[in-house]
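Quick notes on the structure that follows.
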Number of protein chains: 2
Amino acid sequence: MVNNLEIKTSEKIYYVAYKLFLENGYEATNIRDICKNVGIKASTLYFHYKSKHDLFFLIYDDICKEYMKYISSIEKLNQGASIEEKLYKLLLKKVEYYTTDISKQKFILRYNLFPPHEILNDIQEKHKLLTKEENQAILDIVGQCDDYLLEYKRFENHLVYEMVVSGIKIGEKDTAALWSIFWRNTTV
Amino acid sequence: MVNNLEIKTSEKIYYVAYKLFLENGYEATNIRDICKNVGIKASTLYFHYKSKHDLFFLIYDDICKEYMKYISSIEKLNQGASIEEKLYKLLLKKVEYYTTDISKQKFILRYNLFPPHEILNDIQEKHKLLTKEENQAILDIVGQCDDYLLEYKRFENHLVYEMVVSGIKIGEKDTAALWSIFWRNTTV
DNA sequence: GTCTATAAGAGGATAGAC
DNA sequence: GTCTATCCTCTTATAGAC
């Protein structure tokens, strides 16, 4: 009974690895460092996870999956509204997600911007797939918007970069101000 | 006589190391990889450079020094002009520099955004110093502009990020368009 | 200046006892 | 499930011959 209240070793490993992969990067994070932080020996980690590569991509995939799950949960937006209105509503939803925990986006940004040489191919492949899925999901939510999709995503990407770099959470007011400037520029 | 026309081994090492540190990062770049690309053995590299750490910071410092040299070469801007005019002229000069070779800014961006754990302290210290020197130089060029300095640099930073990520060189026309939007937003 | 050989240590991963 | 002990490979760096 008491055991049910304790955090499982595998979960501790997962959490510590997440933090180290996020802050120090894949190459600079070694198994022994993870284990030291968890309070176990290296061989114990290998009981729970097959390899460093596997552990990393379990985490990476979870982050992507959770992100896609959130995107998919956004309901279809009113068909009658203008493209601008619909994309803005989508943006608010996204910002809401980023604001709850920016570290996940920092993780994605880190590995997409500077993928470690050792896992380059896997990262690129997964990133391509995620982009494809995400674009499809956005089309489902707002309908046809091909003319603006790329520009919209570039803008969103900027916002994420800003939040990650500055560590500042961007509120609804800022989002609205930035959006109006962006939209004015895009449609000119 | 003929020897004078050949590239010195130390210069080859320097150039190859620069490219690998830029593309693969500090941790993923090892001495043997550098040597293989140069066509020498590891011990030869250590004849020319003291250590991996030293080689890296020779390159890093050179990039910073060259950047600061360029900033310092920008002549003092007309005292009578408005802050907006002066900052815009400064921006054009900066963009001109970035456009000649964006890879140096990519190098700086990489190591400031995600400094390798192993050399974190050195990077942070040097970055702090560079920022201080750069701010002083900007004040020398445009005069007092404390109210806008931080915002201006954030904008510039965005531009660099955009150029690095997209690989697109931003022309004078784009710069002007982005600037007008930025300035409108800053002064509102 | 460049080489061969090698030290010294870090890192990923496994075998087998408990 | 967790440990000790160990293997193997990779990496930085040095010693000494040519």
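In what follows, chains are A, B, ... by sequence order, proteins preceding strands, each numbered from 1. It should be emphasised that the depicted structure is a prediction, and the values quoted were computed from it without experimental measurement.
- Protein atom NE2 of H117(B) is 11 Å distant from nucleotide atom P of dG11(C), rounded to whole Å.
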Which parts of nucleotides 12-18 of chain C does protein reach within less than 4.0 Å, heavy atoms only, written one letter per nucleotide 5' to 3' as B for base, S for sugar-phosphate only and - for none? BBBB---
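- Atoms CD (E118(A)) and P (dT9(D)) sit 16 Å apart, rounded to a whole Å.
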Run the side-chain donor-acceptor check on residues 32-45 of chain A: report pairs under 3.5 Å with partners two or more places apart or on a different chain.
residue : atom : partner : partner atom : Å
D33(A)  : OD2  : N30(A)  : ND2          : 3.3
N37(A)  : ND2  : D33(A)  : O            : 3.0

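- Rounded to an integer number of Å, the gap from Y49(B) OH to dT2(C) P is 12 Å.
- To the nearest angstrom, P of dT4(C) lies 5 Å from NZ of K41(B).
- Contacts of residues 55-62 of chain A with DNA chain C (heavy atom under 4.0 Å): none.
- In terms of the side chain to side chain contact (heavy atoms under 4.5 Å, CB included) criterion, residue partners of L120(B) (sequence neighbours excluded) are, by chain and number, P115(B), Q124(B).
- Evaluation of the side chain to side chain contact (heavy atoms under 4.5 Å, CB included) rule for L58(A) yields Y49(A) as partners, not counting sequence neighbours.
- For S51(A), the side chain to side chain contact (heavy atoms under 4.5 Å, CB included) partners are H53(A), D54(A), not counting sequence neighbours.
- At most 12 non-hydrogen atoms from other residues, nucleotides or ligands lie less than 6.0 angstrom from NE2 of H117(B).
- Take S73(A) and apply the side chain to side chain contact (heavy atoms under 4.5 Å, CB included) test, not counting sequence neighbours, and it matches Y70(A).
- Every pair passing salt bridge (Lys or Arg N to Asp or Glu O under 4.0 Å) that includes a residue from residues 162-172 of chain B is listed here, sequence neighbours excluded: R154(A)-E162(B).
- Here the side chain of H48(A) is nearest to one of dG1(C), dG1(D), dC3(D), namely dG1(D).
- Among residue pairs with one or both ends in residues 103-112 of chain B, those qualifying as side chain to side chain donor-acceptor pair (under 3.5 Å) are Y18(B)-S103(B), Y60(B)-N112(B), E66(B)-K104(B), D101(B)-S103(B), N112(B)-H127(B); sequence neighbours excluded.
- I40(A) places its CD1 atom 12 Å from the P atom of dT4(D), with the value rounded to the nearest Å.
- Rounded to whole Å, the distance from CG on D54(B) to P on dT14(D) is 11 Å.
- Atom CG in L45(A) sits about 14 Å away from atom P in dG1(D), given to the nearest Å.
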Start with the C-alpha distance between F107(B) and F21(B), add both sets of side-chain angles, then the distance that settles ring-ring contact (aromatic ring centres under 6.0 Å, His included), and finish with yes or no. CA-CA 8 Å; F107(B) 195 100; F21(B) 284 142; 7.2 Å; no
